[in-house]
Asks: 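Quick one: this structure, given as structure tokens, is what I'll be asking you about.
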Amino acid sequence: MNLPPDPSAPADSPRLGALLLLVLICWIAFFQGLGSLGLMDKTEALFVEVARGMADSGDWITPRWNGETFFDYPVWGYWMVALSFRLFGPYEWAARVPAALSATLTVLALFALLLRLAPPGERERRVVARALLGSTVLALSPGWVGWGRSSVTDMFLSSAIGLALFCFLLAHFAAEGSGERALGHAGMAVFAGIAVLAKGPVGLLLPGLVIVIYLLLRGRLLITLRQTPWLPMAALFLGVAVPWYALATKVNGGEFLARFLGFSNLERFTSVIYDHPGPPWFYLPWVLILLLPWSLFLPVAVARILPRGRAGWTAWRQRPPEPSDLPLFALVWLVVVVVFFSSAATKLPGYILPAVPGGALLVGLFFRPFPPAVAGVAGIPPAGAGIRITGWVNALLLALMAGAAAVAPRLAGGDPSHPGFAEAVAASGLPTTLALVLAAAAVAVAGLLATGGPKGLGRLWGPNAAAMLAVLAVVAPGVGVLIDRERQQPVRDLARLAGQQARGDEPLLVVGYKRYSVLYYSGRPVLFVSGPDRARRALDERPGSPPSTLLLLGSDAELKDFGLGEEQGSTLARRGSHRLVRLPAASLPEEDER
């Protein structure tokens, strides 16, 4: 039974405490050690270099990379990173701050939405617990953390879609004619416009599909269409999304339309580009990974919310909207995003990042549902076989991950490009720390299952959240420093040296793996080549007179495969297994010398 709030208790006290705790969680998840890693190859380094060029040139219309126009993505993310560079300087942490802020804003918006949708008279602590748990699940989802700390376009798209859908929910459950409904409609239009600026038409199509399918299931599509202020929303949306597209078309004409609409949208969906294929079920394991450990609870969460039989569906469709509809909305959100991108020919894990808030909301409301509860005591999942089986799978997975972390340094094979990395990982003690954290979480989950009863089942989220937070606070910072020192700093140092040592327009060639970060750290145009013939073609296409010498950067193995022995050229510097070599252009190896 819901009790009225105690009028003698300060209502804002638990909310403020929960908000401060959530801000701390977001700081650990998205901001702590944000600059400890150099730019990651390949996508992040490419994205940030485009933004830096925009900030340096002052051209806020046409994205450019490596001396050429670059229309693979629209401009919103570039604007955010370029603005951050203008404010703070061209630092790695400054490049990532906009994505971290976007991730944090989405988490805080979910917290506020769950607070606002709580039914009148519900106990304050239960309201706050639901909002804090739902937003914490999102903040501690691996996908949201990973892309929230990386300066790429996926987080800008996903956060904008998430905020647009949160605004829809605010409008959907608000009273007709209220200020909240108007605010929700305005937010939908603005954030959909930002999503289109972040990634293109998919930024409008995805939230539109989620809303339409949910309303069809709910039997409220026509009435919602009639109640929606389309003209003001369209004006807001077009005012946000259209100006840049119009200016980019005016400045670049057919090149922009062909590259962005033709290649980056239609061709990416209908054919495999950049060698990123995948089967129709490609994203199913990625849903599991991006939402671990919360994804383990998705099957029982889905089973709990679906109406039973035709009568159940009919009764559900006939009653007015209420916040207890949110789990089904979250399920539609998750499924629509996964199915949509599973239909595309080109597949990358980051494409389904917009599904993560939907999955997090579904799991959070499984553990702390809106009243009336479907079964059992209000706010506690039913003590059925499904949740118990899921809990034991959860404990087993944590235990297996702990064991894998403990033995990984001894089983890991050596990387010839970074021969000391495995040894450095073992010496750091980080695998042991990770193993202890995961083992403790496994024991805690097993203890709740064995002794906790129904209330224990409702607390299975606790050890998982604590483990995720401990990994992010204690293990991840050390891992970031280690990866940067052993794997990224050698290339970064050589790239900076290449920028200092280059003679005039002496070409800089990156051999083998396309380390796009070399372009950023060297401050020079770069030719990415796999072999001598490709190098000759790239040099022939360069404007100006043929160069007399070349700079080549790569690992020993890559340079050897290129046909360049230790005795050939002049080694300007070595960092670990990587070298920067000056070579007379006439000494470029023949293809059959490799």
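Predicted model only: the values in this text are computed from it and were never measured.
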Asks: Is the shortest side-chain N to carboxylate O distance from Arg524 to Glu506 below 4.0 Å?
Replies: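 Salt bridge between Arg524 and Glu506, a charged N being under 4.0 Å from a carboxylate O: no.
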
Asks: Between atom CZ of Phe256 and atom CD1 of Ile61, what is the distance when rounded to the nearest 0.5 Å?
Replies: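 Answer rounded to 0.5 Å: 10.0 Å.
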
Asks: Output the distance between atom OG1 (Thr136) and atom CG (Asn464), rounded to the nearest 0.5 Å.
Replies: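 CG of Asn464 is found 12.5 Å from OG1 of Thr136.
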
Asks: May I ask you to decide if Ala198's main-chain N or O and Thr153's side chain share a donor-acceptor pair within less than 3.5 Å?
Replies: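 Judged by distance alone, yes, a pair lies under 3.5 Å.
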
Asks: Enumerate donor-acceptor pairs with a distance under 3.5 Å from any side-chain N or O in residues 25-39 to protein atoms, sequence neighbours excluded.
Replies:
{"from": "Gln32", "atom 1": "NE2", "to": "Leu472", "atom 2": "O", "distance (Å)": "3.2"}
{"from": "Ser36", "atom 1": "OG", "to": "Gly33", "atom 2": "O", "distance (Å)": "2.8"}

Asks: Does the side chain of Pro74 come within less than 4.5 Å of Tyr245's, by heavy atoms?
Replies: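 Counting from C-beta outward, Tyr245 and Pro74 do come under 4.5 Å.
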
Asks: Fit a plane to each ring of Phe341 and Tyr351, take the angle between them on a 0 to 90° scale, and name the class: parallel (under 30°), tilted (30 to 60°) or perpendicular (over 60°).
Replies: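 Phe341 vs Tyr351 ring planes: tilted.
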
Asks: Side chains of Trp294 and Leu362: closer than 4.5 Å at any heavy-atom pair?
Replies: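 Not in contact.
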
Asks: Output the distance between atom CH2 (Trp79) and atom CG (Leu83), rounded to the nearest 0.5 Å.
Replies: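 One finds 11.0 Å between CH2 of Trp79 and CG of Leu83.
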
Asks: Check whether the ring centres of Phe528 and Tyr516 lie less than 6.0 Å apart, and answer yes or no.
Replies: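 Yes, ring centres under 6.0 Å apart.
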
Asks: Measure from the ring center of Phe297 to the ring center of Phe367 and say whether it is less than 6.0 Å.
Replies: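 That pair passes the under 6.0 Å test.
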
Asks: Less than 3.5 Å apart, which donor and acceptor atoms pair up between the side chains of residues 284-291 and the rest of the protein, not counting sequence neighbours?
Replies:
none

Asks: Please confirm whether Tyr91 and Phe85 have ring centers closer than 6.0 angstrom.
Replies: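 Centroid distance Tyr91-Phe85: not below 6.0 Å, so no.
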
Asks: Can you measure from OG (Ser84) to CZ (Arg52) and round to the nearest 0.5 angstrom?
Replies: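 Answer rounded to 0.5 Å: 14.0 Å.
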
Asks: With the threshold set at 4.0 Å, does a side-chain nitrogen-carboxylate oxygen contact exist between Glu558 and Arg579?
Replies: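 No, Glu558 and Arg579 are not salt-bridged.
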
Asks: Is the shortest side-chain heavy-atom distance between Val210 and Leu206 below 4.5 Å?
Replies: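 No, every pair of side-chain atoms sits at 4.5 Å or beyond.
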
Asks: Going by side chain to side chain donor-acceptor pair (under 3.5 Å), name the residues that satisfy it together with Arg574, two or more places apart in sequence or in a different chain.
Replies: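 By the side chain to side chain donor-acceptor pair (under 3.5 Å) rule, Arg574 matches Asp556, Glu566.
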
Asks: Test: salt bridge (charged side-chain N to carboxylate O under 4.0 Å, His left out). Region: residues 129-138. Which pairs qualify, not counting sequence neighbours?
Replies: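 Every salt bridge (charged side-chain N to carboxylate O under 4.0 Å, His left out) pair that includes a residue of residues 129-138, provided the two are not neighbours, is Glu122-Arg130.
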
Asks: Evaluate Thr69 against Asn252 for side-chain hydrogen bond (donor to acceptor under 3.5 Å, both in side chains), listing each step before the verdict.
Replies: CA-CA 9 Å; Thr69 56; Asn252 299 281; 5.7 Å; no

Asks: Any heavy-atom pair between the side chains of Leu572 and Leu551 that's under 4.5 Å?
Replies: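 With C-beta onward as the side chain, the pair touches.
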
Asks: With salt bridge (charged side-chain N to carboxylate O under 4.0 Å, His left out) as the rule and sequence neighbours excluded, what pairs involving residues 82-103 come up?
Replies: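 Output for this query lists Glu44-Arg96.
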
Asks: Do Trp76 and Trp244 come within less than 4.5 Å of each other through their side chains, counting heavy atoms only?
Replies: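 With C-beta onward as the side chain, the pair stays apart.
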
Asks: Name all pairs fulfilling the salt bridge (charged side-chain N to carboxylate O under 4.0 Å, His left out) condition that reach into residues 133-143, sequence neighbours left out, sorted by first residue then second.
Replies: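 Qualifying pairs, neighbours excluded: none.
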
Asks: Checking Asp41 side chain against Ser517 main chain: does a donor-acceptor pair fall under 3.5 Å?
Replies: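 Here the side-chain-to-backbone pair exists.
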
Asks: Just wondering, do Leu108 and Leu110 contact through their side chains at under 4.5 Å, heavy atoms?
Replies: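 When only atoms from C-beta onward are counted, Leu108 and Leu110 do not touch, as no gap falls below 4.5 Å.
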
Asks: Evaluate the ring pair (Phe, Tyr, Trp, His ring centres under 6.0 Å) criterion for residues Phe166 and Trp333: first the C-alpha distance (whole Å), next the side-chain angles of each, then the deciding distance (0.1 Å), finally the verdict.
Replies: CA-CA 11 Å; Phe166 292 161; Trp333 183 342; 5.7 Å; yes

Asks: Contact between Met188 and Phe237 at the side-chain level, heavy atoms closer than 4.5 Å - yes or no?
Replies: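 The answer is no, as the side chains (C-beta and beyond) never meet within the 4.5 Å cut-off.
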
Asks: Look up atom CD in Glu255 and atom CD in Glu68, then write down how far apart they are to the nearest 0.5 Å.
Replies: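 The distance works out to 9.0 Å.
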
Asks: Are Met401 and Leu397 packed together at the side-chain level, in the sense that at least one heavy-atom pair is separated by less than 4.5 angstrom?
Replies: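 When only atoms from C-beta onward are counted, Leu397 and Met401 do touch, with a gap below 4.5 Å.
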
